[in-house]
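Reading through the structure tokens given below for one structure.
Computed from a predicted model, the values in this text were never measured in an experiment. In the text below, chain A, chain B and the rest are named by the order of the sequence lines, each starting its count at 1.
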Amino acid sequence: MIGLTQALPQSFFARPAEIVAPELIGCLLVKLQDGGELLWGVVVETEAYCQGEPACHGYRRRSPSNETLFGEPGHWYVYLTYGIHHCVNVVTGCPNWANGVLLRAIEIANEPLRIAAGPGLLAKRFGINRSYNGLVVAKDCGLWLSSRPTDMAAINVNDLVQTTRIGISQGREMPWRWYLSSSKSVSRR
DNA sequence: TCAATGATTAGC
DNA sequence: CTAATCATTGAT
């Protein structure tokens, strides 16, 4: 599948998270595995985070742990949450402004529907941990995002739902979560 | 509804 | 320093 190897350019990510997040729905997350095979799936759920709103990791201060979020767009921002699960984000916007999109769920063909239905599960299935933090979203680091190949079934625009974000205690009002309503691989809560 | 589990931050 | 919080998940 040719489309898998055409990574989204950095310019795609150099825009506000709330613009990039819905556009990432339907795109593919692709990983070059150790054996040389490609693992890939369709992004079916995302959330946007932006400095200036309390749910964002860059809301309070810039620190070593959130430094990546303040950096160049098109880099991976990966952190450990609840001491157990990793969350995978793409840095968006422009440098010195905390901005990013959290990948919340991926649908993988020929695998159990809920294998990556949640941020932690997604990271687990793709083997993504802190070692990816700060790396470029490109083939160079073996993990990238690509646009949806033309030979795949088109997404019905009516399937894209915009709602409030989940799993946060502050900043609940902002409608910065998007997901494919037709997908059975979206996170539950 | 709650525990697991550890990094990070808030509060003295 | 200690306590609380946390962009989650699976079991009860």
Side-chain angles (χ1 to χ4, degrees), chain A residues 13 15-27 29 31 41-94 96-108 111-135 137 143 145 160-181 183-189:
Chain A
F13 304 106
R15 299 175 295 157
E18 67 271 26
I19 301 295
V20 176
E23 288 194 22
L24 277 178
I25 301 291
C27 290
L29 176 65
K31 184 189 184 186
V42 179
V43 177
V44 294
E45 180 182 354
T46 59
E47 282 181 354
Y49 289 86
C50 180
Q51 184 175 344
E53 49 93 1
C56 180
H57 284 180
Y59 177 65
R60 298 181 185 281
R61 71 173 59 73
R62 191 166 174 162
S63 71
S65 63
N66 63 22
E67 177 62 26
T68 303
L69 200 54
F70 286 85
E72 288 281 331
H75 288 240
W76 294 113
Y77 169 54
V78 184
Y79 63 90
L80 182 65
T81 190
Y82 293 99
I84 305 175
H85 303 102
H86 289 280
C87 287
V88 182
N89 302 250
V90 193
V91 178
T92 55
C94 59
N96 302 313
W97 181 251
N99 209 250
V101 174
L102 169 67
L103 302 184
R104 288 196 57 92
I106 304 279
E107 190 172 299
I108 308 174
E111 292 200 13
L113 276 178
R114 312 203 63 81
I115 190 81
L121 293 172
L122 169 170
K124 179 183 176 188
R125 179 62 190 91
F126 278 81
I128 303 170
N129 54 40
R130 270 292 274 182
S131 71
Y132 281 85
N133 182 59
L135 299 185
V137 180
L143 183 68
L145 288 158
L160 184 59
V161 176
Q162 178 176 10
T163 63
T164 54
R165 296 171 298 182
I166 60 179
I168 54 176
S169 56
Q170 295 177 293
R172 286 208 188 99
E173 328 77 37
M174 255 148 286
W176 281 358
R177 174 178 178 236
W178 289 266
Y179 66 90
L180 272 189
S181 63
S183 174
K184 292 167 183 159
S185 304
V186 169
S187 71
R188 291 196 160 116
R189 40 180 197 205

Legend entry - Pairing annotation in dot-bracket form, given for DNA chain B with Watson-Crick or G-U pairs under 3.5 Å and | for cross-strand partners: ||||.||||||.

Measuring from atom [atom1] of [X] to atom [atom2] of [Y], what distance do you get when rounded to the nearest 0.5 angstrom?
X: A:Ile19; Y: A:Leu24; atom1: CD1; atom2: CG; answer: 12.0 Å
X: A:Leu143; Y: A:Leu29; atom1: CG; atom2: CG; answer: 5.0 Å
X: A:Trp176; Y: A:Arg165; atom1: CH2; atom2: CZ; answer: 6.5 Å
X: A:Arg130; Y: A:Tyr79; atom1: CZ; atom2: OH; answer: 11.0 Å

Legend entry - Nearest atoms (heavy-atom pairs only) where A:Ile168 meets A:Ala55: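 Heavy atoms only, the tightest pair is CD1-CB, 3.9 Å.
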
Inset, instruction - Mind listing the closest non-hydrogen atom pair of A:Thr164 and A:Glu173 along with its distance? - result: CG2-O, 3.4 Å

Inset, instruction - Take A:His57 and A:Tyr77, measure what side chain to side chain donor-acceptor pair (under 3.5 Å) needs, and give me the verdict at the end. - result: CA-CA 11 Å; A:His57 284 180; A:Tyr77 169 54; 2.7 Å; yes

Inset, instruction - Assign A:Arg165 to base, sugar-phosphate, or nothing according to its heavy-atom contacts below 4.0 angstrom with the strands shown. - result: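 Nothing, no heavy atom under 4.0 Å.
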
Inset, instruction - Using a 4.0 Å heavy-atom cut-off, write out nucleotides 4-12 of chain C from 5' to 3' as B (base contacted by protein), S (sugar-phosphate only) or - (no contact). - result: --BBBBB--

Using the test side-chain hydrogen bond (donor to acceptor under 3.5 Å, both in side chains), find all partners of [X] that sit at least two apart in sequence or belong to another chain.
X: A:His85; result: none
X: A:Tyr49; result: A:Glu47
X: A:Glu67; result: A:Arg62

Inset, instruction - Taking heavy atoms of chain A and a 4.0 Å limit, find me the 5'-most and 3'-most nucleotide of DNA chain B within that range. - result: B:dT1 to B:dA10

